[in-house]
Amino acid sequence: MLRPGGLVFASSPDAQRWVWDDYTHRRPFTRKSFRLLFSDQGFVVERAGYESVVPGVGVISARTRRKRRPRLFALLARLPFHRRNVWLLARR
């Protein structure tokens with residue numbers, strides 16, 4: 001449930017082969033298809049992108065001064081063959 005004007009964050013594995021061995025995932029998403037899914041339902045998409053899914057990233061991020069993901073992992077998320085999630089921030 002979301003209030004009018006409320007903000008939603010959604011994340012899903014992108015359209016890569018390694019994800020679809022998992023029976024819990026029904027449909028692959030690209031950044032474009034994730035945007036369309038939300039905009040077709042009346043949301044205004046504010047931002048969308050990819051996030052690197054490398055084991056241990058959370059541990060490494062917690063040890064940085066700013067508690068943020070190192071830039072190397074952000075760059076890896078741009079590579080289409082790298083494990084990643086597609087994410088989106090939208091407003092109703």
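Every heavy atom of this structure was used, including side-chain atoms; hydrogens, water molecules and symmetry mates were not.
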Asks: In the single-linkage hydrophobic clustering (I, L, V, M, F, W, Y; side-chain heavy atoms under 4.5 Å), do V45 and L37 co-cluster?
Replies: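 Yes, because V45 and L37 connect within a single hydrophobic cluster, where side-chain heavy atoms sit under 4.5 Å apart.
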
Asks: OG1/T64 to CZ/R71 distance, rounded to the nearest 0.5 angstrom?
Replies: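 Taking OG1 in T64 and CZ in R71, the distance rounds to 12.0 Å.
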
Asks: Nearest 0.5 Å, please: how far is CZ in F29 from CG in L36?
Replies: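 So the CG of L36 and the CZ of F29 are separated by 10.5 Å.
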
Asks: So which heavy atom on R35 is nearest to which on L88, and how close?
Replies: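 What the structure gives for the nearest pair is CA-CD1, 3.8 Å.
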
Asks: Under 30°, 30 to 60°, or over 60°: which ring-plane class applies to W87 and F9, parallel, tilted or perpendicular?
Replies: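 Parallel: the ring planes of W87 and F9 meet at under 30°.
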
Asks: Do the side chain of R31 and the main chain of G49 share a donor and acceptor less than 3.5 angstrom apart?
Replies: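 The answer is no, because no donor-acceptor pair under 3.5 Å joins these two groups.
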
Asks: Evaluate the side chain to side chain donor-acceptor pair (under 3.5 Å) criterion for residues T30 and S33: first the C-alpha distance (whole Å), next the side-chain angles of each, then the deciding distance (0.1 Å), finally the verdict.
Replies: CA-CA 5 Å; T30 62; S33 64; 3.2 Å; yes

Asks: Rounded to the nearest 0.5 Å, what separates atom CZ in F38 from atom CZ in R91?
Replies: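 If we round to the nearest 0.5 Å, F38:CZ and R91:CZ are 14.0 Å apart.
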
Asks: How about K67: does its NZ atom have over 12 heavy atoms from other parts shown lying under 6.0 Å from it?
Replies: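 Yes, because the 6.0 Å sphere around NZ of K67 holds more than 12 heavy atoms from other groups.
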
Asks: Going by heavy atoms in the side chains, are L2 and F43 under 4.5 Å from each other?
Replies: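 L2 reaches F43 side chain to side chain.
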
